[in-house]
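Inspection log for the structure reproduced underneath, given as structure tokens.
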Number of protein chains: 2
Amino acid sequence: MHIKIYDATLREGAQGAGASFSLEDKVRLARLLDELGVHYIEAGNPGSNPKDAALYDRLKRERLSTARLAAFGPTRRAGVKPAADRGLAVLLAAETPVVTIFGKAWDLHVSGVLGVSPQENLDMIGDTVAYLHKEGREVVFDAEHFFDGYKRNADYAMRVLETASQAGADWLALCDTNGGCFPHEITPVIQRTIDRFGGIIGIHAHDDTGHAQANTVAAILAGAGVAQVTAGGIGERCGNADLFVTVPNLQLKLGYECLPESSIARMREVSLVISELGNRPPDPSRPYVGANAFAHKAGMHIDGVKKNPESFEHIDPKRVGNERAFLLSEIAGRAAVLAKITRLYPGVDKNAPELARILERVKQREFEGYQYEGADASFELEARRILRPYPPFFALHNFKVIVTEPSKPERAATAMIEVTVNGQSEITAQNGNGPVNALDRAARRALERCYPRRREGVLSDYKVRVLDSADATASRVRVLIESRDDTARWTTVGVSGDVIGASWIALTDSLEYKLLKDSSEDSEVGNP
Amino acid sequence: MHIKIYDATLREGAQGAGASFSLEDKVRLARLLDELGVHYIEAGNPGSNPKDAALYDRLKRERLSTARLAAFGPTRRAGVKPAADRGLAVLLAAETPVVTIFGKAWDLHVSGVLGVSPQENLDMIGDTVAYLHKEGREVVFDAEHFFDGYKRNADYAMRVLETASQAGADWLALCDTNGGCFPHEITPVIQRTIDRFGGIIGIHAHDDTGHAQANTVAAILAGAGVAQVTAGGIGERCGNADLFVTVPNLQLKLGYECLPESSIARMREVSLVISELGNRPPDPSRPYVGANAFAHKAGMHIDGVKKNPESFEHIDPKRVGNERAFLLSEIAGRAAVLAKITRLYPGVDKNAPELARILERVKQREFEGYQYEGADASFELEARRILRPYPPFFALHNFKVIVTEPSKPERAATAMIEVTVNGQSEITAQNGNGPVNALDRAARRALERCYPRRREGVLSDYKVRVLDSADATASRVRVLIESRDDTARWTTVGVSGDVIGASWIALTDSLEYKLLKDSSEDSEVGNP
């Protein structure tokens, strides 16, 4: 059986407490989800939020390979024709192949919250779905509070679905909006709706009783064809069904087909990248993808797993790109690093002594607080410096940054920098709107003379995290910098006792990665 | 229906990654669990672990009012009589009214991991249970891997239970040791065992597929009488069924009796104390007791909850001692801001013109990139400056920060600062391991002379985000600073074109909040 995965991280996930993605984060997230092969990406609510509208504009330039983009919004307002409704106009202007419309399925809410009559609510739903259908959109109808509504007034809840279905909705997603339901309540309702409307039923589950996963599984077992999920389960209140738990549950444990096997093997990696994008520390006890999901602590468990992994592991961790760990030992991590190097340099001999050196280097750096999961460019540089050494493009002699307040914008900081490039010393100074910006500009200026053909690269994102330290008086800082030029994006990492030092390290890697990339592109062009 | 709660936090919970309780922590935890009214407390495995043996000695001095203490351990070894088995002697020496014995119910493990014949395994279980029963203990038999074993060899798994039951076991706890089962697999197995052994079945569920809660609920619905849980769900790998989720699910949602209602109303408080004891930050998205379990972010949700709480809350948060929160963000509306002000200043007139001014101010600040969702202290200051103005404690004249590289740690940055305090100018300079640290130290030094009685406050966390901006050449930076002293924690926010400027604003708010807090505490003491 094939199940469609409908990802709502960018919309519902952004409603999670603390979640805050920049526009470029969201674009990167959409690309990642598309790479995994999810079937739908709900990117936002453009009518309620000008930032989401800007995102849809930006996404028009992206070519997604598998995922169909969905714009999310409410039905037309009461007393307004669909063609005259501003909200629906904004949804259409997003130019997505799919539009997801939410409407109320609980009669009490219709009068008590929406303030319209039960019939007007049905009309709003029917008109809206029919209008969007006529405009050529695939229409998903999210039936808000469906299960709670069904408990109170099953007849009205079913009439809501009937209305949407007759108006041409392609999918009817039943929402446990408050997350208060249990599988034994979900199953019979799903069965009844499938009896009536066929296999166009989807499930949207919340985790307020700790049952988001279970309710999703129950709905699929009962015949639903679409699972709505978010990456890491982020969403309103306790969150939603988690993409990285739902898909392995359905595909590895219950035999459904959701995503390519190769995507499932990337689940842990992608979950970490998304945590980093959202600037949220990953949850180590998360099923399947958490650092501890296959970490054994009790001696008896470790002994059992060594004799027979099946004794304390319900699946092989490799299938989700995770790995077994024995806590209190230092052997975790090797497999992941090796897999990554083999992916970058497919020809590399697995027994080459360089691999052991890279492992040792990465282990040392991770001990210092580095984390390469979100910083592929820095990892690639580390591996390359050992596997295919290259002469450094430049070396820092020293820098000095001065920040003053009050100040004029664009001159809040001044950086003086001295670097050695091709054996020659270069001193430059630049102003910037902050210390990192000033350092970046000064460094680029210093490199310009020697590497004049460099295409313009810019910093596109910047994240800082304070790391815990055994020594509480001197916590360390990790900085992630995302850079881009007109052909690529890359992320680098730096760790230091202070934010400027850490930024400089990440900045250096970014510039070096760019120079390396340009020189290999040049040589590819020059020596065909 | 009455359900017994069997808490295993001190044993299984301590097997969770990162969990580490001191002896006194464990005693305090046992007292708390007893106060809540749990029926059993499994405190450890005294035979495997000398620390656990010491704990049982210590617990002999405690008088628990409701909970029965259980000592946990394996069956007798192969080929040894129970009375001669050292492990069983240690279990009896713990002098607990209850002993919980685990034994293997999956025949493959019996030979592959334990290394004994299927019959010898049955004999070890039978002998051990009979011996402890004869010694006057209430005996719980934990059937390890019961569900996995049942799938492979139902007959053998049932013979294991039969053996324990005939030997006098009071409870048969069926364990999903690997956490790989689903409710539709749990339910029929529980039903079959209840048909055969009556109402002495318990459930022990793990969260490896995100189903620990659902499998526990399914087992209870099928007739099981004991739920094994841990506080916060901590345990091996992904953890176990969570006490603070299981009990509200069973009692508030499904009508079972587990604990006194008054205990359930303390769930959030107790969950926070236990997090603190375990030195683990509480999970904000935890069902029922998490800080975000009733936190609403989308404007439509906030609007709905205000009209009718049932619209987006599956239970009244007060029933678990939690409370509703309205998160502030670009997707939240007026309602959230008003609700927050009313909570801070309950007496405030909803039509006061000051409220409109606060709203406008917050809106303006959010447009500039502020986000008050995670920065309650800054929000409170904004509201207070308009509602109950106070003379500022200090004003910045100017600062200058110099960062050099290479540098010595602790001197990477130097800050000079000039502030006006009580009409007097103060200039100070300090070194720091980074620019923010240096600024923080210089500012504290400048304030010391005028506010000498200030108790020490320190920065405890620091986060930076780069914000998108319509003007791509000058992106803005948002800094969140968490501070604490010995009585509280508070978070402040600053936004600026550069990281230092934004840090300074958040720092200023933090210092001001601390001074305001100290002065109101002082005046409470001074003017009773």
Side-chain angles (χ1 to χ4, degrees), chain A residues 15 17-18 22-23 49 109 112-113 178-180 182-183 207-211 213-214 217 236-239 245 249 284-285 287 292-293 295 297-298 301 304 307-308 311-312 314 327 398-406 409 412-413 433-435 461-462 464 466 474 497-501 504, chain B residues 15 17 109 112-113 178-180 182-184 207-211 213-214 217 221 236-239 245 249 284-285 287 292-293 295 297-298 304 307-308 311-312 314 327 331 374 398-406 409 412-413 433-435 461-462 464 466 468 474 497-501 504:
Chain A
Q15 280 176 228
S22 71
L23 184 82
N49 186 336
H109 279 222
V113 177
N178 296 2
F182 295 91
D207 206 35
D208 298 73
T209 65
H211 279 70
Q213 298 309 136
V217 164
E236 282 277 350
R237 306 182 310 278
C238 306
V245 182
N249 272 345
S285 63
N292 297 333
K297 189 161 169 186
H301 286 213
K307 287 174 174 159
N308 176 5
S311 65
F312 292 96
H314 69 117
L327 299 176
N398 62 65
F399 69 67
K400 204 179 283 286
V401 182
I402 301 177
V403 185
T404 52
E405 179 88 23
N433 56 7
D461 201 1
Y462 177 75
V464 181
V466 175
D498 77 287
V499 63
I500 307 299
W504 171 254
Chain B
Q15 280 175 229
H109 279 219
V113 177
N178 295 3
F182 294 91
H184 68 280
D207 207 34
D208 298 73
T209 64
H211 278 70
Q213 299 308 136
V217 164
L221 287 171
E236 281 276 351
R237 306 182 311 274
C238 306
V245 182
N249 272 347
S285 63
N292 297 332
K297 190 162 169 186
K307 286 173 176 160
N308 175 5
S311 65
F312 291 97
H314 70 115
L327 301 175
I331 49 180
N398 64 64
F399 69 68
K400 204 179 285 284
V401 181
I402 302 176
V403 185
T404 51
E405 178 88 23
N433 56 6
D461 201 3
Y462 177 76
V464 182
V466 174
D468 290 316
D498 77 286
V499 63
I500 307 298
W504 171 254

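Protein chains get the first letters and strands the later ones, always in sequence-line order, with residue 1 at the start of each.
- No other option in B:Gly180, B:Gly434, B:Ala412 has as many heavy-atom pairs under 4.5 Å with chain A as B:Gly180.
- Listed by chain and residue number, A:His314, B:His206, B:Arg237, B:Cys238 satisfy the side-chain contact (heavy atoms from CB on, under 4.5 Å) test with B:Asp208 (two or more places apart in sequence, or in another chain).
- Between chain B and the residues A:Asn178, A:Val113, A:Val245, A:Ile402, the most heavy-atom pairs under 4.5 angstrom are made by A:Asn178.
- Contact of B:Ala293 with chain A is made through backbone and side chain together, with heavy-atom distances under 4.5 Å.
- For B:Lys307, the side chain to side chain donor-acceptor pair (under 3.5 Å) test picks out B:Asp303, with sequence neighbours left out.
- Taking chain B as the reference chain and counting heavy-atom pairs below 4.5 Å, the highest number among A:Asp207, A:Val401, A:Thr404 is found for A:Val401.
- If you measure heavy-atom distances from A:Phe182 to chain B, the contacts under 4.5 Å come from the side chain alone.
- Contact count versus chain A (heavy atoms, under 4.5 Å) is highest, among B:Pro284, B:Ser285, B:Ala413, for B:Ser285.
- Residues A:Pro435 and B:Val499 form a side-chain contact, since some pair of their non-hydrogen atoms from C-beta on lies under 4.5 Å apart.
- When every heavy atom of A:Pro287 is checked against every heavy atom of B:Gly210, the shortest pair comes out as CG-N, 3.5 Å.
- To the nearest 0.5 Å, atoms OG1 (B:Thr209) and CD (A:Gln213) are separated by 8.0 Å.
- One finds the NE2 atom of A:His211 at 8.0 Å from the NE2 atom of B:His211 (value rounded to the nearest 0.5 Å).
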